[in-house]
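Within every chain, numbering begins at 1; the chains are lettered A, B, ... in the order of the sequence lines, protein sequences first and strands thereafter.
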2 protein chains.
Amino acid sequence: MDFFKIAILNSVLAIFSFTIMPLKDIKESFKQVDTRSLVDKVEANLVGLLHQRKLKIGDVIPKEIELAEILGVSRTVIREALLRLRVMGLIESKKKKGAVITSPDLFGVMSKGMNPHILDQESLKEFFEIRLVLEIGMSDFLFQRITPNDIKHLKEVVSQEPKATQDYLFNIEHEIAFHGKLYEITGNETMKKFQKMLLPVFDYVHHSGLLKRQPVIKKFVSHKELVKILENGTPELFRNAMRNHLENHFARLFE
Amino acid sequence: MDFFKIAILNSVLAIFSFTIMPLKDIKESFKQVDTRSLVDKVEANLVGLLHQRKLKIGDVIPKEIELAEILGVSRTVIREALLRLRVMGLIESKKKKGAVITSPDLFGVMSKGMNPHILDQESLKEFFEIRLVLEIGMSDFLFQRITPNDIKHLKEVVSQEPKATQDYLFNIEHEIAFHGKLYEITGNETMKKFQKMLLPVFDYVHHSGLLKRQPVIKKFVSHKELVKILENGTPELFRNAMRNHLENHFARLFE
DNA sequence: ATATGTATTATGTATTACATAATAAAAGTA
DNA sequence: TACTTTTATTATGTAATACATAATACATAT
C-alpha cells in the first residue's frame, strides 16, 4: 500500500528531480510554499524598491490603476498595499496628485499602539527601564547643548515645586516638567518624541501594582542639586547624580 | 452686494441660531467641520474602545459585515480601518475566526520604516546619538543581571578580535558582536529590538559623510577593559569607561 | 480510531460604479 | 491686461456585490 503512495509521490516529484527517492528524502524535498497574500507581495515589492533606492523621498509612485495593471492585480490589492505604506508613514497620498514617498514619522506610528492597557506587563516594565537608561546616558548631550536660558528655566521649575516634593514626595507633574525639560535640552527630537510617547506608560506603571512596593527613601539627589551640577559640574558628575536621583525607581525594579 | 451675502449666510446659520448676527460673530459661529474620512472616524472609534478598556487583549471584535452594519458604512471602510489597526499590530485577523486584539509589536512596525535611505539626515544622526545614550545609561542593568557565562562569552568575543582592533582600528563586526551582547545582558528585550533595528542606521551613518571626519584617537578604553570592569568594577566605573570607549563617536558628533 | 472528505463561515480578492477633492484650463469680469 | 470665477479633468475615497480561499467543525469511510 505505502509502496503506491511513494510511487505517486515520486512521480509528482519527478517534476523536480526525475529520480526515485526514499520517503524521508521526499519530505525534505518539499520547499515551503509561499503562503503570502497578494497584498503581502505587492507591499514587499514596493518596500523593496525603497531599499534598492529605486525610489527616494519626493518621488511620486504610479497611480493606483497603473500599478494594478503593471503588477497584474486588482486595484483593491494595490490600495491595501499602499495603505500599509501610508500607515507606516512611508508615503502620503493626495487626491488628484497620487502618492509620494515621504520621510516616515516612525513615532507617529508607534504612539497609537502605545497604549498601556494593551501592552503586556513585561513590555511596560521594559519601557520604564529604558527611561532610566536614557536619562542617565543623556548627560554628555545635556552639557554639550545646554544654554543659560535652559538653566534659568530649570531653576524656575524647581522653585515652583512644593517644598515636600523637594525632600521625599513624588509629584508626577513636576517630574514631567523637570525631566521633560531635560529631554528638550538634549536637542534630540527623536528622543523627545520617545519620551513623550512613554509618558502615559510611566504614569500607568506607577499606579499599577506592576512594580514592587515603593521602599522608604532616606535621601536622594534632588532636582535642585541636579541643576546645580548642570550649571557647574561635569557630565560624569551628572550621570552619577542622576543615577542617585532615580534610585527610587531602580530600587523598585531591583527590589 | 455684501448685504446679500450676509443675508444668505444668516439664513444658513439660522439652522443653528435663528438670529441675525454681524459678520464678525458669524465667522466665530462656524465650528470647525470634521474633515476626517470615514475610515479615520471608524479607526478612531475602534482605537477609542481600546483606550476605554472596552476591548482588551484576546477579545474578538465583530465580523467585518457586522461592524459595517453597526457603524453604517460599507465593508470597504471597515476593512481599511481594521487594516490600519493590523498594520499597527493592534489586531490580528484570521480567516473564519475574525480579528482579535493583540499585544502590539511596536518595533515590528517601526523597523519597516527604518530604512536609512529614506530617513532624513537629522533623524539618522539622532538615532546614532540615542545609541550612545543607551549604552552609557544601561550600566546598572548590566551589573544587575550579568552572569558568569556572560562574562565568559564577552571574553571570547574580545579574544577573537584582531589585535589591531583592540588598539585603534574600528571593526564593525566586532563592534556589533560586543555591543550586541551587552544589550542582550540587560535582559531588556525592547532595548534589544531597538538596537537590532538601529544596526543598519549605524552602518549607514558610519559610511555616509554625515559625521565629521573621524579624528585621530590617541587612546580609549578597549572592549577588554570594559569586560574587566564588568567583572570587578561598579556601575559607576563602567559608565565612565563606556563614555570613554565611545569618545570616538562623541568626538565626531561634537566636533 | 484515525484519516479523509464536506459544509460552513469569515476574511481575501476582484470588479464596477460613483463621490469627492485638488488641480488645471477656460471663461468671464473689472 | 490682470484677476476672479466656472468648468472640466483626474486620481483617490467610498460603496456594493460577487466570488475565491483558508480555517474550522462536523460527517463519513476505511
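In this structure, the side chains of A:Leu134 and A:Gln195 stay at 4.5 Å or more apart for every pair of heavy atoms. Contact check for B:His117 versus A:Lys56: no side-chain heavy atoms found under the 4.5 Å cut-off. Proximity of B:Leu83 to A:Arg79: side-chain heavy atoms (C-beta onward) are nowhere separated by under 4.5 Å. Put simply, the side chain of B:Phe194 does not reach to within 4.5 Å of the side chain of B:Asn188, judged on heavy atoms. The closest side-chain heavy-atom distance from B:Arg131 to B:Glu135 is below 4.5 Å. Between A:Asp40 and A:Arg84, the closest side-chain pair of non-hydrogen atoms falls below 4.5 Å. A heavy-atom distance below 4.5 Å is found between the side chains of A:Leu46 and A:Leu82.
Listed by residue number, the members of residues 82-92 of chain B with any heavy atom below 4.0 angstrom from DNA chain C are B:Arg86. DNA chain C is contacted by B:Lys63, B:Glu64, B:Arg75, B:Arg79 of residues 58-79 of chain B, taking any non-hydrogen atom closer than 4.0 Å.
Put simply, CD on B:Glu80 is 15 Å from P on D:dA16, counting in whole angstrom units. Computed from coordinates, the B:Lys41 NZ to D:dT14 C1' distance equals 12 Å when rounded to whole Å.
Within the structure, every pair that satisfies the salt bridge (charged side-chain N to carboxylate O under 4.0 Å, His left out) test and touches residues 85-98 of chain B, not counting sequence neighbours, is listed here: A:Glu80-B:Arg86.
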Checklist outcome for this item: In B/S/- notation (B base, S sugar-phosphate only, - none; protein heavy atoms under 4.0 Å), nucleotides 20-28 of chain D written 5' to 3' is -BSBB----
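With sequence neighbours excluded, no residue forms a ring-ring contact (aromatic ring centres under 6.0 Å, His included) with B:Phe202. The ring-ring contact (aromatic ring centres under 6.0 Å, His included) check on A:Phe127 picks up nothing, with sequence neighbours excluded.
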